[in-house]
Amino acid sequence: MSDTEPRDFIRQIIHEDLESGKHQQIVTRFPPEPNGYLHIGHVMSICLNFGVAAETGGRTYLRFDDTNPGKESEEYVEAIERDVRWLGFDWEDRLTHASDYFEPLYDAAVSLVKMGSAYVDSLSADEIREYRGTLTEPGKNSPYRDRPVEENLDLLERMRAGEFPDGEMLLRAKIDMSSPNMNLRDPALYRIRHISHQHTGDAWSIYPMYDFAHTMSDAFEEITHSLCTLEFEDHRPLYNWFLDQLKPAHRPRQIEFSRLNLAFAITSKRKLNALVEENIVAGWNDPRMPTIAGMRRRGYPAAALREFVKRGGVTKKDKLIEMGVLENCVRENLGDESERRMAVLRPLKVVLTNYPEDEVEMMEAMNHPGRPELGTRQLPFSRELWIEQDDFMEEAPRKFFRLKPEGEVRLRFGYIIRCDDVIKNDAGEVIELRCTYDPDTRSGTGTSDRKVKGTIHWVSCAHAVDANVRLYDRLFTVANPNSADDFHAVLNADSLKTVVAKMEPSLAALAPGQPVQFERLGYFCTDSEEHTEQAPVINRIVTLRDSWAKLEKQAMQQQG
RNA sequence: UGGGGGAUCGUCUAGUGGUAGGACUGCGGACUCUGACUCCGCCAACGGGGGUUCGAAUCCCUCUCCCCCAGCCA
């Protein structure tokens, strides 16, 4: 970070704490619950937590907040580790679990009981809800609230020993049932769950609640700045209450920031899970999903995701960032990084009537217009070619400078051709174009300075490689599907289209995960799950900007 | 109607009593063997009303709107 770049409010606090000597080193943590896959919102938290530590020579823990067995699983643990690593962050030897601290956590709970700050309640879940009051009315004390310390200690011990069924007893903090902050109305500390834990097996039959486990885990790990999202803002008094009561050697500070919401995307684990469970998408890593795994499979570079988050900033204001910002980051990265190739998504045959039947010429094509060091490749050119259906119009508007009857166009890295005849089937659809080429206009020869306005891409029929290409679009039709009553009603029915494309031969050997630009179309990569060299499956990462498409769209709207 | 937060171009974000700036989008143009890239230009904001001050996005008062909280979820 340069000196001129403004710092967000969290980085300001951190730098002040460093300068004042309050902390020698910054320690943060990223604490996901392993009950789902990480999504774009988590990317922000990861970049923030790992970022501020890395920038200041501090360190960051990857801590699994695994306090609710039954909802959590090892599959998610592995996916989360993979995703964080892929994003470019390293926790080194600091991979921990809240469950690593179950023993000291229990000790802390015992301490609270001993100091009269916690008690075992025997009210049912329903009764507790009734006793809690409402937003505008205070709650009332549980009749078990004043159990003697010895009795509480005994009950807690027996809870741990598994003597009671689920829900029979509950350890609660003794704070204030009339607090206007609901979190302070004697929040639960430990609940009974006779269920085995993915990490601790059957060692426990009671499990700590988030607020307690999270606060104390932060303290145990000597976290200096515990960064979380806004919805935990009114948990902070409880966070601080634990610290005030238990006075751990280290006192972390919680700071909240607003979550990152992406327009046209959902970032609720519940809803994401529903998309998967209902087979609306093909899994957590479906390329349409806003999950890290999905975006990786789609072909979004990790660097583009990091840049996106950086542009979003860190504030306390609710945000809904336009999809275009993300796509722009992806294009920017890929434009520099990826080699160019040619492929035709919706093929239309062109026959060059004046080109020799059996001749094949090799055309030299640049792999990147801005980076000559990436070299060139040879493209076979022959009498029969595929061009894009969209690149021909029988009745073209004035500004359409692609191929039209009697019109001329340049074939990229090839010749200028002229359209002589249009061949149609019985249904009246154009199925073939008869064209002539101008032998004096071969690319790179400089034998002709003849210019035409349009340049289109092509693939030689005889040499083309077929590929299933998946064209993705946003999953939802509204900017904020998070707030829709029923997300099913706002699903985009056309979020996935598949076409059989014709690709230049060099693409048959496209390395897995290697993004390329199909000239004039967009960025593409092989699908990590289904692609084989024999049966290529390619994902479209993002289209190129297309000012022609924009013009067309406007024209359509003007016509109504 | 209890408590906790938040309001700056369409979107995101700077600003910390002294010319409201940047990015993305949009619009117009240049360039182009990718209608891409690049370059140039333009449009566009301090939620409302009062006050303090030579001067207010910034300080004070007031109003309005938005978000979060009543799990033995995190």
Side-chain angles (χ1 to χ4, degrees), chain A residues 5-6 8 12 31-33 35 65-68 71-72 121 123-125 128-129 132-139 166-172 178-185 187-193 206-207 209-211 213-214 228-237 256 258 260 263 269-270 311-329 331-332 335-336 340 342 365-366 368-370 399-402 409-414 416 441 443-444 451-457 479 517-522 543-551:
Chain A
E5 213 166 330
D8 58 70
Q12 276 181 37
E33 183 189 13
N35 68 343
D65 228 327
D66 54 352
T67 55
N68 192 7
K71 286 190 175 176
E72 299 157 1
D121 202 350
L123 249 26
S124 70
I128 285 182
R129 191 177 317 119
R132 184 155 34 224
T134 69
L135 293 178
T136 50
E137 299 159 34
D166 289 7
E168 179 112 338
M169 300 284 170
L170 182 72
L171 183 73
R172 303 177 73 180
S178 64
S179 171
N181 182 344
M182 300 299 280
N183 296 114
L184 264 20
R185 318 244 264 229
L189 263 26
Y190 268 94
R191 74 287 219 192
I192 301 171
R193 283 267 192 290
I206 57 174
Y207 294 97
M209 298 292 292
Y210 161 83
D211 287 293
H214 191 260
C228 63
T229 42
L230 246 33
E231 66 268 30
F232 294 104
E233 205 152 21
D234 50 17
H235 290 236
R236 195 171 64 228
E256 311 84 12
S258 63
L260 181 161
K269 275 190 194 171
R270 207 198 93 242
R311 289 187 195 180
V314 182
T315 64
K316 300 189 74 159
K317 195 172 93 171
D318 290 351
K319 56 181 107 185
L320 182 63
I321 303 180
E322 289 174 346
M323 187 70 104
V325 179
L326 211 205
E327 292 182 338
N328 189 267
C329 292
R331 287 191 188 103
E332 213 166 85
D336 291 340
R340 315 283 117 127
M342 291 213 283
M366 294 215 298
H368 190 117
K399 281 188 175 169
F400 183 85
F401 36 89
R402 304 178 191 174
V409 75
R410 162 131 242 148
L411 294 176
R412 177 92 160 137
F413 305 124
I416 292 176
T441 58
S443 258
K451 297 234 175 200
V452 287
K453 186 71 176 158
T455 299
I456 65 172
H457 59 278
Q517 183 193 102
F518 288 176
E519 293 214 19
R520 303 210 309 132
L521 296 173
T543 62
L544 250 30
R545 272 227 204 80
D546 187 347
S547 52
W548 171 249
K550 208 154 58 184
L551 278 177

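Each chain gets a letter, A, B and so on, in the order the sequences are listed, and its residues count up from 1.
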**OP:** Name the nucleic acid region contacted by A/Thr315, choosing base, sugar-phosphate or nothing; use a 4.0 angstrom heavy-atom cut-off, strictly under.
**Re:** sugar-phosphate

**OP:** Pick base, sugar-phosphate or nothing for A/Arg412, based on heavy-atom distances below 4.0 Å to the nucleic acid.
**Re:** base

Please measure how far the [atom1] atom in [N] lies from the corresponding atom in [M], and state the result in whole Å.
{"N": "B/U25", "M": "B/C67", "atom1": "C1'", "value": "25 Å"}
{"N": "B/U64", "M": "B/G47", "atom1": "C1'", "value": "7 Å"}
{"N": "B/C46", "M": "B/G41", "atom1": "P", "value": "25 Å"}
{"N": "B/A45", "M": "B/U13", "atom1": "C1'", "value": "12 Å"}
{"N": "B/U16", "M": "B/A56", "atom1": "P", "value": "15 Å"}
{"N": "B/C60", "M": "B/U19", "atom1": "C1'", "value": "25 Å"}
{"N": "B/C39", "M": "B/C12", "atom1": "P", "value": "25 Å"}
{"N": "B/G48", "M": "B/U32", "atom1": "P", "value": "47 Å"}

Please list, chain by chain and in numerical order, all residues satisfying salt bridge (Lys or Arg N to Asp or Glu O under 4.0 Å) with [X], sequence neighbours excluded.
{"X": "A/Arg545", "answer": "none"}
{"X": "A/Arg340", "answer": "none"}
{"X": "A/Glu168", "answer": "none"}
{"X": "A/Arg191", "answer": "none"}

Any-strand Watson-Crick or G-U partner of [N], both distances under 3.5 Å:
{"N": "B/A7", "result": "B/U64"}
{"N": "B/G2", "result": "B/C69"}
{"N": "B/C54", "result": "B/G18"}
{"N": "B/G41", "result": "B/C27"}

Original post:
Has the side chain of A/Asp546 got a donor or acceptor atom that lies under 3.5 Å from a matching backbone atom of A/Ala549?
Top reply: yes

Original post:
Would you say the side-chain atoms of A/Thr229 pair up with the backbone N or O of A/Glu231, donor to acceptor, closer than 3.5 Å?
Top reply: no

Check side chain to side chain contact (heavy atoms under 4.5 Å, CB included) between [X] and all other residues, then give those that pass, not counting sequence neighbours.
{"X": "A/Glu327", "result": "A/Met323, A/Arg331, A/Val542"}
{"X": "A/Asn35", "result": "A/Glu33, A/Glu72, A/Lys269"}
{"X": "A/Pro138", "result": "A/Ser178"}

Round to a whole Å and report the spacing from [atom1] of [X] to [atom2] of [N].
{"X": "A/Glu233", "N": "B/G4", "atom1": "CD", "atom2": "P", "answer": "11 Å"}
{"X": "A/Gln12", "N": "B/A14", "atom1": "CD", "atom2": "C1'", "answer": "11 Å"}
{"X": "A/Met323", "N": "B/C12", "atom1": "CE", "atom2": "P", "answer": "15 Å"}
{"X": "A/Ile321", "N": "B/U25", "atom1": "CD1", "atom2": "C1'", "answer": "14 Å"}
{"X": "A/Asp65", "N": "B/A74", "atom1": "CG", "atom2": "C1'", "answer": "7 Å"}
{"X": "A/Glu322", "N": "B/U25", "atom1": "CD", "atom2": "P", "answer": "9 Å"}

**OP:** Look at the rings of A/Phe232 and A/Tyr210 and say which category their plane angle falls in: under 30° parallel, 30 to 60° tilted, over 60° perpendicular.
**Re:** tilted

Original post:
When you match A/Leu411 and A/Lys319 each to their closest nucleotide on RNA chain B, which lands nearer the 5' end?
Top reply: A/Lys319

Would one find a side-chain N or O of [X] under 4.0 angstrom from OP1 or OP2 of [N]?
{"X": "A/Lys550", "N": "B/C27", "result": "yes"}
{"X": "A/Asn328", "N": "B/U25", "result": "yes"}
{"X": "A/Lys317", "N": "B/C67", "result": "no"}
{"X": "A/Lys316", "N": "B/G4", "result": "no"}

**OP:** Sugar-phosphate atoms are those with a prime plus P, OP1 and OP2; base atoms are the rest. Using that split, label each nucleotide of nucleotides 68-73 of chain B B, S or - for protein heavy atoms under 4.0 Å, 5' to 3'.
**Re:** BBBSBS

Original post:
What does nucleotides 35-44 of chain B look like as a protein-contact string, B for base, S for sugar-phosphate only, - for none, at under 4.0 angstrom between heavy atoms?
Top reply: BSS-------

Original post:
Which glycosidic conformation, syn or anti, is assigned to B/G71 if syn requires a torsion within 90° of zero?
Top reply: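 Syn, which is what one calls it when the glycosidic angle falls within 90° of 0.
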
Subject >> Reference residue A/His457; test side chain to side chain donor-acceptor pair (under 3.5 Å); the match among A/Arg520, A/Arg412, A/Glu519 >> reply: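 When side chain to side chain donor-acceptor pair (under 3.5 Å) is applied between A/His457 and each of A/Arg520, A/Arg412, A/Glu519, only A/Arg520 qualifies.
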
